[in-house]
Structure formats: structure tokens, C-alpha cells
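Positions are given from 1, in the same order as the sequence printed here. Order of listing sets the numbers, starting from 1, for every ligand and every atom in it.
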Amino acid sequence: MKEIRVRFAPSPTGALHIGGVRTALYNYLFARQQGGTMILRIEDTDQNRYVPGAEEYIIESLKWAGIGIDEGVGVGGPHAPYRQSERKQFYRKYADQLISSGHAYYAFDTEAELEAMRERLKKAGVDHQQYSSFTRMTMRNSLTLPAAETENLIQSGAPYVIRLKVPESGEIRLHDLIRGEVVVQMSELDDKVLMKSDGMPTYHLANVVDDYLMKISHVIRGEEWLPSAPLHVLLYKSFGWEADMPQFAHLPLLLKPDGNGKLSKRDADRMGFPIFPLNWTDPNTGEKSVGFREAGYLPEALINFLAFLGWNPGTEQEIFSMEELIKTFSIERIGKAGARFDIQKATWFNEQYIRLKPVEVLVKYLNEQLTKEGIACSPEKAAKIVEVMRERVSFPKDFFQQGRYFFQAPTAFDSAVISKKWNTDAAKFFQALVAALQGTARFDVETLKVTIENVAAGLGIKAGQVMQILRVAITGSSSGPDLMMTIEIIGREETLNRLGFALSNFQIKATAS
Ligand code: GLU
């Protein structure tokens, strides 16, 4: 059996898109499950699109996400170098090989000549105005020029490209592991440039040569590369590498949250969610983007979420650790249909993972915020706060942001509740409660429950009537975690202060009658 070797092959043209993280993840899961090798290759042959810092960003993102690399940039390995800009000699050699075997040719056409060709075809009513078997014999290339002239042009340093000579007829077939049979007529392909005039290979040549040299067994990549796959198959054939051709699996697109079209950075910006794994500042525009990491998504939650964007286990289980994903993942269960990018689902996964964290970790989240705010808190109090809040938060920062009232008296109060619930009964209840709470032996949930019940009963009212206004007086808000526990944590002195504040500041609404 062929050794399983997969690669993630991003181009360092900017921040890694979240879809790229999913591609890397699926490659990684497949490699780990099959006992194979996961390779990171940087495809940086397009000098015009190179963005400084992008490569480091890719590496850091994968590391944060827990996607391990066995071989490649930053790690090394038997097929080094893994950065395409350092592999130029290979591409040249293989392009020459295609020329010698008659599968490629030199083309000297200028931009103006190419434009004239396209114009000619347009006038003749041809839909695709391309350099192909249909037009190549009318152009200036080594197929139409005498051999000596071609030789001369090359010797004299005239600019040229190397183009693939696509056969005039026939079809190309490939079996995609996700999409099934893909058949394309040769007549639909153009004579793609393989080597550019600057001596750099195009994506197609470099990608195929490297997949071959690096012994890649499976090419798992985004659907946007499906149209290139037949050309890649043709390249394998032209080189005579058919026996070593990898299997292809083109992953479904990530769609906008409403399912209408491909997810773009613009959509994410507009809807206020991240699209990059980590913070990113565009070096050209200075534009800053918040990453999933900085927005408070845990890597394991993001991974779980991404795993489900295109794949499902076929069971009800939704929470999968990386280990479980490695065991359960299969290419057969990847769908063809685009996957809706539902950020709420990502947040839901985050909530689930926060709940699963040990108290110490949650305390750490809370303490990070407290340190920033310069607020001291005992370890016991911190542990109680995270316990009472863990079911309610979505992000680590929420422990402080939603639980500020554990440390500071509220300054804003839910006015709708005040105008509805603050009446003479409530005021009497608060007064009696202040008196009662001053003298209890203990100040814990049990004592609070009993005291509140007794005080209410003594006034002939139901405790339920005054609970909401009590919560507003203590926290400012009409909803929150368990109120008795909240009061216990806030403590006797501060609770009495807040009740006193309510008594002197809440206004009883004058009734019309
Ligand atoms: N360099 C391509 C990219 O940026 C790689 C496509 C492939 O995996 O073949 O996505």
C-alpha cells in the first residue's frame, strides 16, 4: 500500500482564511488517522502577491489550532526545501523535460499579440478567446517558428513563456473522492503557461512537480481548485507519472451564514465576526482584523466547529476532541454541498468547551481580566464566581464582563423592572431584609433562602413577588446566575450597602388612581 502523505500548501498572500484552517485540519485528521505524514509547503512563486509576515502567520495559526506538521517549512524533512521560491531549479528541469518530450513549447508572443488574438476570436464569435490547440498555430512560438529562430530568440534573451501543449482531442477523467467522476474535454482546456517570463513556475507546474517529488498520496483542498484538477491530471500524464498520481478530494465551499454564496471577509466584517484565526494587520493597508483567538474562541472549540463544516460523523454526537476527530473522521463522510458558516454554532461550541474546563482554568480567565482592571480577588471567591457563571458565558472574558457586579456595585439598573416592581411592598421587604440580614449567624445560600422566605412571610407577601427587584438591586440586571449564590459571594456588608442604596434611590412610581 502506498504511504499516506498529504500536504497543506497555502500561498503567503495575506492572513490565513478560516477556510484554509479547515483544509489544513482535514488533511491533518486524515494523515493522523492513516498513520501518514502531514506536510506544510509554502507556495510563494507569485512574487507580486507575496505579503511579508504571512508565512509566520500561517505557522502560528496552525500551532494555535493544534494542527501538527510532520514535515515542511519550519520543520524540515527529506524533501526540503519546502518553500517553492527555493525550489526553482526543479521546475526549470521538469519544464525542459516537457519541452523535450513534445508536451510543452516556448511562446514569444507579446501582450499586444495576445490581445490581437483575443480580439480576432471575439470578432469571429468564439466564446473562449484562449491560447489553445485552436489558436496556437497562428501564434509566435516554437511550434510555428523555424527551430533556428527559436534558438536565436532564446539565446538573445527575448522574453518567453513555456506553455503546455494540450492535445487537440480526447477527454480527461478523474475520480474525485468527494465529487465522483469528473470528465473534461481537452478542447475546453487552454495551453496554460507553466513557466513565466521571469523564470518562475506558475502555480500549476510547481504544484504538480512538488506533489510528485514529495510523494503526495492525497490532494485534499478547497473546491475552488476543482477546475484546475483536470489540468493537473494532464500534467501527470504528460510527465508519464500516472502511476504516482495522487487521489483528489475537493472540499465543499464555506457559505455565508444565510447560505447565499461564498463566505467572504466582507461578510464577516459586516456581521461582526472573525474570519482569520489570529489578529492580523494588513501590511499594505494597515487594516486590522480581530482573530478567533483574540475574540475569545478556544482552539478546541474552533476545531470542533470547523470539523463539522463539510463533514459529519453520521451520529448525534457533536462534541469531539481532536483525538476523537482523528478516530472518527473519514473522507467518505464529507459532503458535496457548501457548508453554511454559522457563527452562532461556533459560539455554542465555545460555550460547551468552557463548561468542560476545570475550575482552575476558568479562574485563570477571570484573573486575567481582574489583573487588567487592577482588582484583587481571593482564590475562594474567584472559584465560586466561575462555578456560578460557567453555564452562562460564551467567552473567557465574559466571566468578568458579565460578572462585574461581583466586584463593583452596579451603577445602572434595569429601569423597566424598577418601574414595574418597586412598590411599597418591595420597599418594606427590603427594609425588613436589611434588618434580618444584619444578625444572621451565617451568610450562605441556605441562610439567605430561609431569611428571605421568613421576611416575606412576615409581611404577608410571596417571596416570588420581590425576587426580580432584589436581583436588580444587587446586580443591576434582571437576569443572571443563581441569585442566592450571587448574594453569598457578594457578602453581607456589600449586600446591605446595595439594599440601602436601592431603598434611598429607587423611585416608587406614582399610580394614576
Ligand atoms: N497554493 C494553493 C492555495 O493557496 C494550493 C492549492 C492546492 O492545495 O493545490 O490554496
> With under 30° as parallel and over 60° as perpendicular, where do the rings of His250 and Phe248 fit, or are they tilted in between?
Replying inline: parallel
> Who's touching ligand 1 if we go heavy atoms under 4.0 Å?
Replying inline: Arg7, Ala9, Pro10, Ser11, Glu43, Tyr203, Asn207, Arg221, Trp225
>> To the closest 0.5 Å, what do you measure between CD (Gln401) and CZ (Phe395)?
In response: 10.5 Å
The criterion is side chain to side chain contact (heavy atoms under 4.5 Å, CB included); which residues satisfy it with [X], sequence neighbours excluded?
{"X": "Thr371", "value": "none"}
{"X": "Val359", "value": "Val363, Ala383, Val386, Glu387, Arg390"}
{"X": "Thr45", "value": "Gln84, Pro201, Ala206"}

>> Let's go through Gln344 and Thr347 carefully: what are the C-alpha distance in whole Å and the side-chain angles of both, what is the deciding distance for side chain to side chain donor-acceptor pair (under 3.5 Å) to 0.1 Å, and is it a yes or a no?
In response: CA-CA 5 Å; Gln344 261 112 37; Thr347 305; over 6 Å; no
